[in-house]
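Reviewing the structure listed below.
Just the heavy atoms: all of them, side chains too, but no hydrogens, waters or symmetry mates, feed the values below. What you see is a predicted model, and the numbers here were worked out from it, not measured in a lab. Per chain, numbering begins at 1; letters A, B, ... match sequence-line order.
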There are 2 protein chains.
Amino acid sequence: MSQGNTRVTPQVVNAEACPIREVLDRVVGKWSVPILIAAGHGPIRFTELERGIEGISRRMLTLTLRNLERDGLVTRTVYPTVPPKVEYALTPVARELHATLTNLTQWAERHRVSIAESRARYDEIHDPEQIPA
Amino acid sequence: MSQGNTRVTPQVVNAEACPIREVLDRVVGKWSVPILIAAGHGPIRFTELERGIEGISRRMLTLTLRNLERDGLVTRTVYPTVPPKVEYALTPVARELHATLTNLTQWAERHRVSIAESRARYDEIHDPEQIPA
DNA sequence: CTGCATCCTGCCGGATACTG
DNA sequence: CAGTATCCGGCAGGATGCAG
């Protein structure tokens with residue numbers, strides 16, 4: 001970076017310069033999307049997230065929630081009852097993102113078959129070795 | 001996964017079950033978004049991508065392009081000239097995604113300041129150690 | 001110009017166990 | 001219920017060098 005290359009083809013916007021990248025890396029993290037979507041339906045409890053997001057570990061759920069809270073994307077509300085109860089909810093900023101993320105998952109759902117096919121075709125051509133029976 | 005937990009709170013759609021996750025992981029990869037956006041303006045050459053996407057290594061550019069090609073999201077056209085010339089372009093499937101990704105980056109740009117502030121505030125509260133002068 | 005092969009490192013993220 | 005702490009393997013991804 002900053003190797004004196006200020007001139008960039010207008011075609012190739014450097015829209016991905018450092019600051020944006022950092023933000024995107026956050027939202028784009030492996031578990032951020034599922035969490036943001038699950039929390040989009042309203043306040044949700046820790047365990048509900050854990051059970052709702054197939055495959056997530058308690059550790060990553062906690063870590064990702066902390067990061068999202070840190071970035072002001074979710075709020076964390078502790079009810080000092082016993083047993084403890086904690087609810088997570090999207091902030092307005094994150095709620096703006098919800099539609100976009102929904103689009104993303106819908107796109108994935110629409111094309112997941114054709115993508116899988118494309119992948120299989122590619123592998124067969126470029127790596128005609130034994131496909132695991 | 002598949003640990004016998006079929007019942008899920010309706011609130012927490014398991015929209016993130018395995019197949020979708022795989023697709024999302026691909027698109028959501030660190031360098032996929034910049035590449036898809038840069039290529040969205042039309043066919044683009046390897047070096048243009050390399051110079052346009054600040055911070056990407058030649059290795060990751062190649063790898064990510066291969067994966068995108070494998071999934072049928074970009075096409076690779078080789079012009080047998082000398083020196084060689086290769087152009088990458090989005091497939092229709094990927095072009096559907098372009099608007100969504102643009103939304104994503106615009107959102108990031110809109111909120112990157114407030115997110116940075118939120119982060120700083122959080123750190124100051126939860127980790128009042130020396131902030132790098 | 002457009003790549004692939006290799007080496008090497010960090011950190012992502014799973015498994016497990018312990019607390020308030 | 002809602003976490004935190006620790007250990008540890010795998011792989012994402014940078015650096016470098018070579019090739020068609």
Discussion item. Using whole Å, what does the distance between atom P of nucleotide C/dC1 and atom CG of B/L61 come to?
Written reply: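 Going from CG in B/L61 over to P in C/dC1 covers 14 Å.
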
Worksheet item: Taking atom C1' of C/dG14 as reference, at what distance in whole Å does atom CD of A/E54 sit?
Response: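 After rounding, the gap between these two atoms is 16 Å.
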
Are OP1 or OP2 of [N] and a side-chain N or O of [X] less than 4.0 angstrom apart?
X     : N      : value
A/Y88 : D/dG3  : yes
B/R59 : D/dA12 : no
A/K30 : C/dG14 : yes

Indicate, with a heavy-atom threshold strictly under 4.0 Å, whether [X] touches base, sugar-phosphate, or nothing.
X     : value
A/Y79 : nothing
A/R58 : base
B/T62 : sugar-phosphate

Practice prompt. Start with the C-alpha distance between A/R76 and A/L65, add both sets of side-chain angles, then the distance that settles side chain to side chain contact (heavy atoms under 4.5 Å, CB included), and finish with yes or no.
Written response: CA-CA 9 Å; A/R76 179 171 177 270; A/L65 282 172; over 6 Å; no

Worksheet item: Are the side chains of B/Q106 and B/N103 in touch, meaning some heavy atoms are under 4.5 Å apart?
Response: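 Yes, their side chains come closer than 4.5 Å.
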
Practice prompt. Taking the side chain as every heavy atom from C-beta outward, state whether B/W107 and A/V23 have any pair of such atoms under 4.5 Å apart.
Written response: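 Yes; the side chains approach each other to less than 4.5 Å.
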
Worksheet item: Would you call B/D25 and B/R21 a salt bridge, taking side-chain N to carboxylate O under 4.0 Å as the test?
Response: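 Salt bridge present between B/D25 and B/R21.
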
Worksheet item: Considering only D/dA2, D/dG20, C/dG3, which nucleotide approaches the side chain of B/P84 most closely?
Response: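 Taking heavy atoms from C-beta onward, the closest nucleotide is D/dG20.
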
